[in-house]
Amino acid sequence: MAGTKINFKEIEEKWQRRWGESKIFDAEIKSDKKFFLTVPYPYTSGPLHIGHGRTYTLGDIIARFKRLQGYNVLFPMAFHVTGTPILAIADSIAKSEKEVIERYKDYVSIYEDAAKVEETVNSFGNAENVADFFAARISEDFKRMGYSIDWRRKFNTTEPMYNKFIEWQFKKLYEKGVINKGKYPITYSCEDDSAVGEDDIEEGDTNKVSIIEHTTIKFELSNDTYLIAATLRPETIFGVTNLWIKPAAKYVKVKVGNEFWIVSVEAAEKLGYQREEAEVLEEIEGGFFVGKKVKEPVEGREIPVLPASFVDADVGTGVVYSVPAHAPYDYIALEDWRRKEGLEIAPIKIIDIEGYELPAKEICERMRIESQEDVRLEEATQIIYKDEFYRGVLNEKCREFAGVEIAAIKDEVKNWLKEENIADVFYETSRKAVTRGGGKVIVAVLQDQWFIDYTPGWWKDLGHKLVEGMTFYPERYKAYMHDIIDWLALRPCARKRGLGTRFPFEKEWIIESLSDSTIYMALYTIAHLLRQLPVDALDEKFFDYVFLGIGDAEELAEGINKPLQGLLGRGAEPHIGVNVLERIREEFEYWYPNDLRHTAPPHLSNHLVFFLMHHAAIFPESKLPRAITLNELMIREGRKMSKSKGNVIPLAKVSELFGVDLYRLYCAINADFASVVNWREQDVDALRKKFNALVELFEQSIGVEKLKENELTHTDRWLLSKFYRRLRESIERFEAFRIREVGLNMVFNLMNDIRYYEHRESRERRRRIVRNVMEDWLIILSPIVPHICEEMWHRNRGEKGEVREERKLKFISMQTLPEIKEEFIDDRVEREEEYLVSLIEDIKEIMKIARIQPGKIYVYTADADAEKWKWEIFRAIKDLSEKDKIKEAMKFRKDKNTVDFVKQLMKSNLDYFELKEEEVLEREREYLMNEFGCQMVVNEEYDPKGKKKFAIPLKPAIYVEG
RNA sequence: GCGGGGGUAGCCGAGCAUGGACAAAGGCGCAGGACUUAAGAUCCUGUUCCGUAGGGAUACGAGGGUUCAAAUCCCCCCCCCCGCACCA
């Protein structure tokens with residue numbers, strides 16, 4: 001075969017241009033049923049790659065399918081600019097940071113000529129330029145991917161219109177009493193003087209830094225002066241025997257209220273970020289405290305302060321209290337002391353746990369740990385911690401807490417210690433971390449952080465109720481979303497840095513970027529219309545009217561026009577007519593709610609839950625989201641795609657490297673939403689061959705005459721039956737978002753059917769039968785591979801000229817789903833074919849095993865006159881249980897052969913189906929003889945090997961004569 | 001640890017909810033053949049083992065169990081992936 005000579009790139013461009021010119025994806029209000037689909041707007045800090053493309057592509061496939069279903073579809077797009085990353089990039093570039101500049105040169109050179117790269121990147125010192133550049137490029141990328149987006153509604157999240165909208169949202173939440181201010185611990189960089197997140201932290205994406213709450217416990221050194229020990233296990237305070245300190249480290253005295261706390265220098269700095277009243281006084285060498293006695297706070301026992309090398313001044317407070325019965329570190333350190341100095345300190349056991357007498361001692365012995373420098377101490381600590389936490393019980397030394405499991409009593413002990421003014425809270429990071437700039441990351445407590453309080457019961461109830469009524473795909477995420485709502489508590493919603501909307505209640509704060517992207521889908525419905533209004537008009541009243549129907553359009557218009565009239569002078573026509581406002585309201589009313597949000601699982605516990613909760617709080621029930629679908633990520637050659645691995649393929653390169661339709665097909669077919677897609681070059685190549693073959697198949701049927709109804713043979717009917725059955729299944733699956741199955745069914749399986757058909761009939765006839773189903777086939781494939789379908793559709797219809805405005809309905813993209821021709825779906829035809837296939841297989845098997853070249857084939861069916869009783873019994877016992885079958889059969893024919901037959905029947909496990917075997921075989925005799933290149937006869941008397949008796953219904957007996 | 005998802009032939013990946021037609025779809029890879037000057041593409045055949053008649057044996061992470069019958073149901077164990085918050 002010559003292979004298809006199609007220039008895919010040309011076709012992509014042609015149809016994208018024509019779709020654009022004809023504005024077919026610009027969604028306008030129609031009386032039809034509507035479908036409003038959104039995917040997350042991309043963050044414009046850099047180019048998107050093929051992994052991101054999966055979500056947008058699947059979104060577009062759904063949008064296109066919904067159009068075929070007859071929905072008036074709105075699929076809009078905007079750009080996310082809010083937050084710190086873009087600003088941080090601009091700052092770095094302004095500061096000429098080499099690494100960032102190099103990275104952005106790479107990014108820009110995806111799009112720009114080498115000559116312009118430098119200049120462009122230089123302009124990125126300004127954050128706005130970064131955002132604008134990538135927003136513009138990503139728009140182009142999306143157009144090149146063939147996405148059916150209504151671009152008129154595009155906006156970005158830093159423009160004034162958006163700010164106004166976000167202000168409105170926060171006022172609504174404020175009215176509900178869920179915007180509050182309070183203390184909040186965060187990861188923080190002193191150097192940058194700001195909060196830092198996963199993206200700001202070195203290796204933060206692979207090795208997360210979380211906030212750990214330590215308990216500090218005061219050990220009195222002298223009046224009002226305390227050594228402050230930090231611990232994760234405050235319940236072990238009852239077993240304390242001594243303190244540990246690092247002699248070489250520097251400690252400081254810190255004035256906290258009326259008390260003086262002694263902690264390491266590092267801890268004092270952290271304390272400064274966690275408490276308002278901490279004041280650092282003099283510095284003291286660790287060694288100074290060695291040998292001193294302190295009073296433990298619970299019993300008032302005097303215990304010694306000892307030096308230990310394992311103490312890290314930069315973890316906790318640099319002071320550790322020692323519980324040698326239960327802490328391996330402490331046990332080993334004391335052992336050291338005993339050996340070197342002969343100092344005996346007896347462990348105090350306070351936790352009973354099965355399998356241990358003295359847990360710390362035993363674990364060290366078992367693991368053969370002998371030195372405090374042994375790295376495995378960490379592991380030993382983990383093991384004991386876990387064992388004791390889940391299985392340990394506090395013993396009689398622990399006052400009223402005795403007899404309770406650690407897991408259940410830990411927090412009670414902690415709270416009691418706090419109440420007794422013995423304990424306090426100290427936050428520490430879960431590991432030592434630095435920012436990408438190298439600044440140390442600590443935990444700071446913000447004293448007046450604004451946050452959204454998701455705890456009110458009424459709100460959670462609304463959230464649960466909403467989720468309950470929604471569709472989720474994959475379904476399991478529904479239960480997960482309920483869990484997230486339960487677990488959601490406080491969420492900081494503003495920060496002092498970054499791009500975004502000023503917090504309306506305190507202007508030096510900026511609304512944080514996940515909090516400003518929760519109900520923005522509503523803005524899509526009206527964004528293009530808001531452009532005609534002055535920004536000042538977009539006040540609270542305005543949005544109340546548009547989104548909630550509160551107030552009156554006339555009054556509102558007057559309010560808007562008054563200041564304008566002042567400018568224009570008396571007697572001038574009002575600028576904004578009531579009709580404009582009504583139109584805006586109407587648009588929102590028509591399109592909202594968001595029928596489907598398609599995104600990826602990482603958004604579940606942040607963006608999506610806010611999306612749901614904010615909708616539930618602000619909008620009436622009729623405007624709440626209807627469905628969420630999620631697709632997993634894409635990896636490449638088995639590995640995660642990331643800048644650092646250098647294995648990223650930009651979305652902008654898809655057309656050039658693979659072709660858009662092929663990429664889209666791969667996204668659709670390679671994995672279900674619930675599975676990770678593995679982008680493998682080898683698989684892409686294999687799919688390309690398939691795809692090209694498919695295109696060629698279509699091409700070869702263009703201009704060919706269809707088979708007429710009266711020409712149809714059994715094989716034609718078989719193909720048509722297969723086709724419409726697959727089509728019917730595919731539409732059902734499409735509706736259920738099982739796009740992979742649609743793709744497999746309508747590409748791989750159908751092509752196999754057609755290959756079989758061609759083998760059975762002829763190439764010429766195949767061209768004709770394909771022509772019979774081609775239009776329907778193209779339509780169902782068009783959401784997935786729209787460009788080639790559009791091309792084939794038009795070639796087939798001979799519409800080579802430009803498509804003019806009035807002919808826009810002629811796009812395949814604007815068709816409706818084909819009718820399923822149920823009359824062609826024919827079980828009998830398919831069963832007959834299966835019957836033949838299995839007969840051929842059996843004969844081949846026999847030829848192979850017996851090593852015979854057939855001279856003549858004898859086939860004996862169970863519906864031959866002499867064997868007919870078999871069919872009768874088959875019919876009679878088909879629905880009976882195994883046990884009853886023989887019994888029932890014997891009623892028909894008391895005979896040993898009957899028993900043998902029924903046994904054979906049961907073993908072959910055939911599905912009952914009425915089929916006239918002899919008739920089918922006679923009809924297809926010529927084909928069968930062709931297959932084997934020899935004579936074949938059916939139900940002849942001649943039966944030299946006595947095979948006849950082995951015939952059972954649907955499985956003829958065979959004798960092959962050499 | 002908690003919560004969720006998985007472990008299927010050389011690889012990827014269906015099937016498992018409603019146990020039987022499952023040696024297990026489909027694809028890739030590999031081997032042989034056809035076509036070709038050749039390569040590629042395409043098409044056939046094979047791809048656990050045994051078998052001169054359509055059959056049999058062993059197999060679906062490991063081990064038990066239920067059943068006439070288990071990849072599919074139950075129990076237990078091992079391993080892998082994802083989420084656990086302020087970050088877009």
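We name chains A, B, ... by the order of the sequence lines, and we start the count at 1 in each one. The structure displayed is predicted, hence computed values, not measured ones.
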Discussion item. Is A:Arg740 close enough to B:A14 that one of its side-chain N or O atoms is under 4.0 Å from OP1 or OP2 there?
Written reply: yes

Worksheet item: Any side-chain N or O of A:Ser605 less than 4.0 Å from the OP1 or OP2 oxygen of B:G83?
Response: no

Item to complete: Please state the P separation for the pair B:G40 and B:C28 - nearest whole angstrom.
Response: 16 Å

Worksheet item: Looking at B:G26, B:G54, B:A41, which one has an atom nearest to any side-chain atom of A:Lys689?
Response: B:A41

Discussion item. Checking contacts here: which listed nucleotide (B:A88, B:C86, B:C28) is nearest the side-chain heavy atoms of A:Arg491?
Written reply: B:C86

Practice prompt. For B:C12 versus B:G6, give the span between their C1' atoms, rounded off to a whole number of Å.
Written response: 15 Å

Worksheet item: Looking for any heavy atom pair under 4.0 Å, which part of the strands does A:Val676 touch: base, sugar-phosphate only, or nothing?
Response: nothing

Worksheet entry | A:Leu630 side chain reached by A:Leu608 side chain, heavy atoms, under 4.5 Å | yes

Worksheet item: From the list B:C86, B:A53, B:G27, which nucleotide is the closest neighbour of the side chain of A:Lys947?
Response: B:A53

Worksheet entry | Minimum-distance nucleotide (side-chain atoms of A:His80 versus B:U52, B:G4, B:A88) | B:A88

Worksheet entry | Spacing of the P atoms in B:A69 and B:G19 (rounded, Å) | 15 Å

Worksheet entry | Step-by-step salt bridge (charged side-chain N to carboxylate O under 4.0 Å, His left out) determination, A:Glu235 to A:Lys410 | CA-CA 6 Å; A:Glu235 74 281 7; A:Lys410 191 179 178 108; 3.6 Å; yes

Item to complete: Give a yes/no verdict on a cation-pi contact between A:Lys690 and A:Phe748, requiring under 6.0 Å between NZ or CZ and the six-membered ring centre and an angle within 45° of the axis.
Response: yes

Discussion item. Is the phosphate of B:A88 approached by A:Thr157 (side-chain N or O, under 4.0 Å from OP1 or OP2)?
Written reply: no

Worksheet item: A:Lys955 has a side chain; which of B:G26, B:G5, B:G54 sits nearest to it?
Response: B:G54

Worksheet item: What does A:Asn752 touch in the nucleic acid at a heavy-atom separation under 4.0 angstrom: a base, only the sugar-phosphate, or nothing?
Response: sugar-phosphate

Worksheet item: How far apart are the closest heavy atoms of A:His464 and A:Ile485, and which atoms are they?
Response: NE2-CG2, 3.7 Å

Fill in: Near-ring test A:Tyr480/A:Phe472, centroid separation under 6.0 angstrom
no

Discussion item. Heavy atoms only, 4.0 Å cut-off, all strands: where does A:Thr82 land among base, sugar-phosphate and nothing?
Written reply: sugar-phosphate

Fill in: Distance between P atoms of B:U47 and B:A41 (Å, rounded)
23 Å

Fill in: Euclidean distance for C1', B:C86 against B:G27 (whole angstrom)
43 Å

Practice prompt. Please report, rounded to the nearest Å, how far the C1' atom of B:C28 is from the CG atom of A:Leu744.
Written response: 14 Å

Fill in: B:A88 base / A:Asn606 side chain donor-acceptor hit below 3.5 Å
yes

Worksheet item: With both distances kept under 3.5 Å, what pairs with B:A59, Watson-Crick or G-U wobble?
Response: none

Discussion item. Which nucleotide wins on minimum distance to the side chain of A:Ser675, given the candidates B:A88, B:C86, B:A14?
Written reply: B:A14

Discussion item. Heavy atoms only, 4.0 Å cut-off, all strands: where does A:Pro40 land among base, sugar-phosphate and nothing?
Written reply: nothing

Worksheet item: In the structure shown, which nucleotide is the Watson-Crick or G-U wobble counterpart of B:A23, with both distances under 3.5 Å?
Response: none

Worksheet item: Expressed in angstrom and rounded to an integer, what is the separation of A:Leu499 atom CG from B:A88 atom P?
Response: 11 Å

Item to complete: Using whole Å, report how far NZ of A:Lys848 lies from C1' of B:G32.
Response: 14 Å

Worksheet item: What is the distance from CD of A:Glu475 to C1' of B:G5, rounded to the nearest Å?
Response: 15 Å

Worksheet item: Planes under 30° and centres closer than 5.5 Å, is that true for A:Trp487 with the base of B:A85?
Response: yes

Practice prompt. Using the P atom as the reference point in each nucleotide, state the distance between B:A23 and B:G56 in Å, no decimals.
Written response: 10 Å

Worksheet item: Mind checking who B:C84 pairs with, Watson-Crick or G-U wobble, both distances under 3.5 Å?
Response: B:G1

Practice prompt. Verify the ring-centre separation between A:Phe8 and A:Phe691: is it less than 6.0 angstrom?
Written response: yes

Discussion item. Under 4.0 Å, counting only non-hydrogen atoms across every strand here, what does A:Ala671 touch: a base, just sugar-phosphate, or nothing?
Written reply: nothing

Worksheet item: Nearest of B:A53, B:C28, B:G26 to any side-chain atom of A:Ala686?
Response: B:C28

Worksheet item: What interatomic distance, in whole Å, is found between P of B:C76 and the corresponding atom of B:C22?
Response: 32 Å

Worksheet item: Taking OP1 and OP2 of B:C44, is either one under 4.0 Å from a side-chain nitrogen or oxygen of A:Arg755?
Response: yes

Item to complete: Could you tell me the separation between the CD1 atom of A:Ile849 and the C1' atom of B:C49, rounded to a whole number of Å?
Response: 13 Å

Discussion item. So if I take every side-chain heavy atom of A:Arg495 and compare against B:C86, B:A53, B:C84, which nucleotide ends up nearest?
Written reply: B:C86

Worksheet item: Is it true that A:Phe610 and A:Tyr454 have ring centroids separated by less than 6.0 Å?
Response: yes

Worksheet entry | RNA chain B: 5'-proximal contact among A:Ile958 and A:Asp683 (nearest heavy atom) | A:Asp683

Practice prompt. State the pairing partner of B:C43; accept Watson-Crick or G-U wobble contacts with both distances under 3.5 Å, and report none otherwise.
Written response: B:G33

Discussion item. From the set B:C86, B:G55, B:U42, return the single nucleotide nearest to any side-chain atom of A:Glu845.
Written reply: B:G55

Practice prompt. Return no unless some side-chain N or O of A:Arg680 is found under 4.0 Å from OP1 or OP2 of B:C11.
Written response: no

Item to complete: May I ask you to check whether A:Phe170 and A:Trp450 place their ring centres under 6.0 Å from each other?
Response: no

Practice prompt. Please tell me which of the listed nucleotides, B:U52, B:C87, B:G29, lies nearest to the side chain of A:Arg851?
Written response: B:U52

Practice prompt. Between A:Phe610 and A:Tyr477, name the one whose nearest nucleotide on RNA chain B is closer to the 5' end.
Written response: A:Tyr477

Worksheet item: How close or far is atom C1' of B:C86 from atom NZ of A:Lys496, stated in whole angstroms?
Response: 17 Å

Fill in: SB check A:Glu764 A:Arg767 (cutoff 4.0 Å)
yes

Practice prompt. Report the distance from atom OG1 of A:Thr599 to atom CZ of A:Phe611, rounding to the nearest 0.5 Å.
Written response: 10.0 Å

Practice prompt. For B:A62 versus B:G46, give the span between their C1' atoms, rounded off to a whole number of Å.
Written response: 32 Å

Discussion item. Could you tell me how far apart A:Glu632 (CD) and B:C82 (C1') are, to the nearest whole angstrom?
Written reply: 7 Å

Discussion item. At 4.0 Å (heavy atoms only), tell me whether A:Ile484 reaches a base, stays on the sugar-phosphate, or touches nothing.
Written reply: nothing

Worksheet item: Between B:C87 atom P and A:Tyr188 atom OH, what is the distance in whole Å?
Response: 12 Å

Worksheet item: For A:Ala479, which contact category applies under a 4.0 Å heavy-atom criterion: base, sugar-phosphate, or nothing?
Response: nothing

Fill in: Base-pairing mate for B:A9 - Watson-Crick or G-U, with both contacts under 3.5 Å
none

Worksheet item: Using a cut-off of 4.0 Å on non-hydrogen atoms, how would the nucleic acid contact of A:Leu514 be classed: base, sugar-phosphate, or nothing?
Response: base

